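Note that this is a predicted model, so its numbers are computed, not measured.
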Amino acid sequence: MGDREQQFVTEAFETNWIAPIGPHVNAFEEEFCQVIGSSHAAAVSSGTAALHLALKLVGVGVGDEVFCSTLTFSASANPIAYLGAKPVFIDSDRLSWNMDPDLLQAALEQRAQAGKLPKAVILVHLYGQSADIDPILKTCQQYGVPMIEDAAEALGATYKGRSPGTFGTIGIFSFNGNKIITTSGGGMLVSEDASITSKTKFLATQARDPAPHYQHSEIGYNYRLSNVLAGIGRGQLLVLKDRVAARRRNCEVYEQALGNLPGIEFMPEAPWGSATRWLTCLTIDPIAFGADREQVRLALAEQQIESRPVWKPLHLQPIFQDSECFGGEVAEDLFDRGLCLPSGSNLSDEDLDCVIQAILKCAA
Ligand SMILES: *Cc1c(COP(=O)(O)O)cnc(C)c1O
């Protein structure tokens, strides 16, 4: 936490706005828009809730297909299943580890020829790095398929000077406890279309029709963000730049100490923008390095250092094993060889050195 969160929370208590509505919610939405350069926002209870409503708002329903990056957290695709729709996964490129624009083009062309286009494309911006948005958006527009951006991990990143999440029909963000800024749990849905965010707020508060009594013509959800948590979010927005700088610095320190080791490659920073390095990730070539990813992870664990493999691709997950995937070899390779290092914005130089020494010991 920064310096101001507690003050905003106290204000919520003193004004008795302990509800999923209130001045902090409105202010958080406005301030969030200013930070990322979006026109409209709706604060909700999680990134997953935001994605669920986003898919619903672009018309995804039972039996529809939705294209989604395969190298990501399951929360990117679970809302597809909530709606009874079917995920179709797309592999990554090696430049950004995000959705491969050429593969998406080929997949959409194939579906267009078959006369059954997906209802949406979920473009994930992984580990604090933007995907190559322009060609992906162009392809989506060519086929008239709405692009939804899962920017849960990418708050503070840029693509050609702008924030990822602001290019598609809808963008979503997460403030879960592990994200670059947090409200403990929370999410944001942004759009340039005010009717989308107002419909989001309607659906997120049980879809109450305008009437003096309780009247409902649609199934609603209880997905709004608490005013108390929005207060935390307002404080966190004030330290976003510091958090990004701290995460980028972690990566620089790691890269300086380990970047020249044979067999070690850091997740590249793509030329189109600035990555936040939400997590510092690298791949290990076992032959060149002298130990494989799992040996390194276990050696770190022995020193009480937690690290994790890169996301297991969704097309390899038991729950999605029957889903189609275009490509998949890149994501599989990144999963086999990829490791996420400790990346918290509160790591000290001693902490970083401890991790570095443990990895150096594994080298051949
Ligand atoms: C965290 C995350 C989500 C879900 O956000 P929650 O707020 O935890 O529901 C979705 N997509 C990605 C890529 C994430 O990392």
Side-chain angles (χ1 to χ4, degrees), residues 67-77 87-107 110 121-133 135-136 150 152-154 157 251 254-255 258-272 275 277-301 306-343 355 359 362-364:
F67 285 8
C68 181
S69 312
T70 190
L71 189 66
T72 183
F73 182 43
S74 66
S76 298
V88 174
F89 297 111
I90 311 282
D91 202 1
S92 299
D93 63 33
R94 289 201 179 268
L95 194 57
S96 70
W97 295 17
N98 286 309
M99 186 183 285
D100 181 332
D102 296 332
L103 214 48
L104 175 70
Q105 170 80 43
Q110 197 234 57
V121 170
I122 299 173
L123 176 63
V124 183
H125 304 295
L126 211 63
Y127 294 132
Q129 167 147 279
S130 176
D132 193 4
I133 296 171
I136 289 170
D150 177 352
E153 299 177 5
C251 186
Y254 283 134
E255 214 165 352
L258 305 168
N260 290 327
L261 292 178
I264 296 282
E265 268 183 78
F266 281 75
M267 177 181 182
E269 184 171 35
W272 49 71
R277 303 296 194 172
W278 173 57
L279 299 188
T280 291
C281 309
L282 47 76
T283 55
I284 300 168
D285 176 341
I287 294 168
F289 184 67
D292 66 14
R293 191 280 313 282
E294 209 43 22
Q295 286 168 316
V296 174
R297 190 184 69 78
L298 292 170
L300 290 173
E306 187 184 26
S307 64
R308 293 205 189 142
V310 162
W311 297 124
K312 179 171 180 170
L314 295 185
H315 71 274
L316 298 182
Q317 295 289 352
I319 190 65
F320 295 124
Q321 67 188 359
D322 297 331
S323 300
E324 191 175 344
C325 184
F326 285 85
E329 302 78 15
V330 175
E332 286 168 27
D333 175 55
L334 293 172
F335 170 57
D336 282 343
R337 298 190 300 114
L339 190 67
C340 306
L341 299 182
S343 302
V355 179
I359 295 176
C362 300

Which is it for L126 and L71 under the side-chain contact (heavy atoms from CB on, under 4.5 Å) test, yes or no, and what are the steps along the way? CA-CA 8 Å; L126 211 63; L71 189 66; 3.6 Å; yes

CD1 (I319) and OG (S74) are apart, to the nearest 0.5 Å, by 10.0 Å

Please work out which of the three classes, parallel, tilted or perpendicular, describes the rings of Y127 and W278, given edges at 30° and 60°. parallel

Is a side-chain donor or acceptor of R293 paired with a backbone partner of G338 at a separation under 3.5 angstrom? yes

When you compare the side chain of W97 with that of T283, does any pair of heavy atoms fall below 4.5 Å? yes

For the residue pair F320 and F89, does the interplanar ring angle fall in the parallel (under 30°), tilted (30 to 60°) or perpendicular (over 60°) class? perpendicular

Main-chain N/O of S343 paired to T280 side chain as donor or acceptor, under 3.5 Å: no

Distance, nearest 0.5 Å, that separates CD1 of I136 from CD of Q105: 11.0 Å

Any donor-acceptor pair under 3.5 Å linking the side chain of Y254 with the backbone of C281? no

With T70, which of P313, S76, P87 fulfils side chain to side chain contact (heavy atoms under 4.5 Å, CB included)? P313

Which residue pairs pass the salt bridge (charged side-chain N to carboxylate O under 4.0 Å, His left out) test with at least one member in residues 89-100, sequence neighbours excluded? R94-D333

So L341 and I359, side-chain contact (heavy atoms from CB on, under 4.5 Å) or not? Walk me through it. CA-CA 10 Å; L341 299 182; I359 295 176; 3.7 Å; yes

So, do L95 and P271 sit near enough that their side-chain heavy atoms are less than 4.5 Å apart? yes

Using the rule given for side-chain contact (heavy atoms from CB on, under 4.5 Å), can you reason through R277 versus E255, listing the C-alpha separation, both sets of side-chain angles and the distance that settles it, and then say yes or no? CA-CA 12 Å; R277 303 296 194 172; E255 214 165 352; 4.3 Å; yes

Under 3.5 Å, is there a donor-acceptor pair between the side chain of R337 and the main chain of P286? no

Please answer whether the main-chain N or O of A270 pairs with a side-chain N or O of Q129 as donor and acceptor at a distance below 3.5 Å. yes

